[in-house]
Student: 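Following this message is one structure expressed as structure tokens.
In what follows, chains are A, B, ... by sequence order, proteins preceding strands, each numbered from 1.
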Protein chains: 2
Amino acid sequence: MFPGSKHEWLGAELRKQIEPLDAHTPLSTERELAVRYQVSRATVRTALRGLEAAGIVYRVQGAGTFVSDSTVSKTLTLTSFSEDMRRRASRPDSRVVVAGEVPAGSVIGGELRLSVDDPVVRLVRLRLADDEPMCLETSYLPAVLVPGLLGEDLSSSLYEKLDTLGIRPVRAEQVVTAVTTEDTEAGLLVVPPGAPALRVQRIGLDHRDQPVERTTSLYRADRYDLKFGVRREPLI
Amino acid sequence: MFPGSKHEWLGAELRKQIEPLDAHTPLSTERELAVRYQVSRATVRTALRGLEAAGIVYRVQGAGTFVSDSTVSKTLTLTSFSEDMRRRASRPDSRVVVAGEVPAGSVIGGELRLSVDDPVVRLVRLRLADDEPMCLETSYLPAVLVPGLLGEDLSSSLYEKLDTLGIRPVRAEQVVTAVTTEDTEAGLLVVPPGAPALRVQRIGLDHRDQPVERTTSLYRADRYDLKFGVRREPLI
DNA sequence: AAGTGGTCTAGACCACGGG
DNA sequence: CCGTGGTCTAGACCACTTT
């Protein structure tokens, strides 16, 4: 009751109870849960839908709801490098390579829905995990949205800083490609030139579908992979 | 009313109407739609949730529901190579490189939840798009699930064949990495040895969370990228 | 203040799965 | 057959955005 809605609370509660259970263990039925937690069945279903979307349970019509066998990963969600590394039990860090304000230009301007002359903050950072170079990240942000950002310490989480400014990407569109590293990139990542890398280009959008961030991440192929779940039909 | 549920029908209906609209155009309110289509507001919300999950609309509490500006792509769903290529307006084809039955072994056995001695069908195919090599695909399937598969023409869609056998992956767990091609792979893909490639390893699961397929796809980096949308929090 | 989407209820019937 | 999750209804109140 304290923070959010009933279904959110119930979802968190069930999550805790499910944690130690083996895969394919059946949960209580929706009707039982509704009685036990003194909520309507619709609320139970909303909570379960959240767990299903998170890859924690699966449901079979006519049979029941069961604990998922998630060997690989939870459904892909939008995360920052810092969050990602902490989840992998690594210590994230970063070194700022370039930080400054430049005109958007046509490519970045188009993607962030700005004019070519509108100023954007450009930020190139080398991201480290446990002091090892992991990823070279180039971010562009509309300058009007992030006043004073360039005066701050940029070696910690950018997403946390944006959050304090009221900027919260809730959705992103990503394009993933395999590339071989150029000389300067290879030098920064401490790999031989031509070593393979995973290039992830992301446009972050806020709750009104406005672009707030455009980031290209170049990950060392030997130290990074992208794990995620997909569904045949989007969940409804 | 003909094929499925009301919310499915309504979702498809709204989808058609939304198609020509500009991004950020507001839809009718949920209450209006409920009256117009003679359904409850809950049903309208179910339909809209589907469109939201598909990246077609976004909703802002207190303001309304709006057409998404999807420059890149719809949310990632589980698709076969054939579907994927047709969506990219390319003509898919394939050449069978190897097809046979082998013992699962510890790696494949573990992933498909079989014993090391259980037989699996191994299928290596070169996938073409518009007659150009695109991807080298190695699939493993539990042999008991696919009797007679090896006697059929395997150059068309594997997923369609599986479907006729009642095998339908609804979910998959994927791991994407960047690699450089080995000599034999490079030869089949017609790229220089050492050329970059995108490696997608997938375990397909049916509606009961049972593994039914394990496929490794090696895509030419110069001809393929992976586009998808992600959300900060899973949709509920 | 008015209107929007978000949450929640109590009830009903349907489609499917298992004994 | 019975019990399961899936769909649907009609209504209510809340949190939020806009005017």
Student: Would you say Lys6(A) reaches dG6(C)'s phosphate, i.e. side-chain N/O to OP1/OP2 under 4.0 Å?
Tutor: no
Student: Identify which one of Arg125(B), Gln174(B), Glu137(B), Arg202(B) satisfies the side chain to side chain donor-acceptor pair (under 3.5 Å) criterion when paired with Ser217(B).
Tutor: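 The passing option is Glu137(B).
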Student: Would you tell me if any nitrogen or oxygen in the side chain of Arg45(B) comes within less than 4.0 Å of OP1 or OP2 on dG6(C)?
Tutor: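 Checking dG6(C) against Arg45(B), a side-chain N or O does come within under 4.0 Å of OP1 or OP2.
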Student: Scan Thr46(A) against the nucleic acid and name what it touches under 4.0 Å (heavy atoms): base, sugar-phosphate only, or nothing.
Tutor: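 Nothing, no heavy atom under 4.0 Å.
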Student: Taking CZ from Phe66(B) and P from dT4(C), how many angstroms apart are they, rounded to a whole number?
Tutor: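 Rounding to the nearest Å, CZ of Phe66(B) and P of dT4(C) are 11 Å apart.
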Student: Could you pick out which residue, Ala63(B) or Ser40(A), lies toward the 5' side of DNA chain C when each is mapped onto its nearest nucleotide?
Tutor: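 The residue mapped nearer the 5' terminus is Ala63(B).
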Student: Let me know the distance between CD of Gln61(A) and P of dC16(C), rounded to the nearest Å.
Tutor: 6 Å
Student: Round to a whole Å and report the spacing from OH of Tyr58(A) to C1' of dG5(D).
Tutor: 14 Å
Student: Under the criterion side-chain hydrogen bond (donor to acceptor under 3.5 Å, both in side chains), I'd like the reasoning laid out for Ser155(B) against Asp153(B): C-alpha separation, chi angles, the key distance, then a yes or no.
Tutor: CA-CA 6 Å; Ser155(B) 63; Asp153(B) 170 32; 2.9 Å; yes
Student: What is the distance, rounded to the nearest whole Å, between atom CG of Leu48(A) and atom P of dT7(D)?
Tutor: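 The answer, rounded to whole Å, is 14 Å.
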Student: Could you tell me the separation between the CD atom of Gln38(A) and the P atom of dC8(C), rounded to a whole number of Å?
Tutor: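 After rounding, the gap between these two atoms is 15 Å.
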Student: Select from Ala42(B) and His207(A) the residue whose nearest nucleotide in DNA chain D is closer to the 5' end of that strand.
Tutor: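 Closer to the 5' end of DNA chain D: Ala42(B).
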Student: May I have the distance from Glu32(A) (atom CD) to dG5(D) (atom P), rounded to whole angstrom?
Tutor: 9 Å
Student: Rounded to the nearest angstrom, tell me the gap between atom CZ in Arg59(A) and atom C1' in dG3(D).
Tutor: 16 Å
Student: On the 0 to 90° scale, with breaks at 30° and 60°, tag the Phe228(A)-Phe228(B) ring pair as parallel, tilted or perpendicular.
Tutor: parallel
Student: Under a 3.5 Å threshold, yes or no: a donor from one side chain and an acceptor from the other, between Thr46(A) and Thr43(A)?
Tutor: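 No donor-acceptor contact under 3.5 Å links the two side chains.
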Student: Within a 6.0 Å radius of atom CD on Gln17(B), are there more than 12 heavy atoms belonging to other residues, nucleotides or ligands?
Tutor: yes
Student: In whole angstroms, how far is the P atom of dT9(C) from the CZ atom of Arg31(A)?
Tutor: 16 Å
Student: The side chain of Arg41(A) is closest to which nucleotide in this list: dT17(D), dG5(C), dG6(D)?
Tutor: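 Nearest to the side-chain atoms of Arg41(A), counting from C-beta on, is dG6(D).
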Student: Check this one for me: any side-chain N or O of Arg208(B) less than 4.0 Å away from OP1 or OP2 of dG18(C)?
Tutor: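 Yes, within the criterion.
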Student: Any side-chain N or O of Thr43(B) less than 4.0 Å from the OP1 or OP2 oxygen of dT9(D)?
Tutor: yes
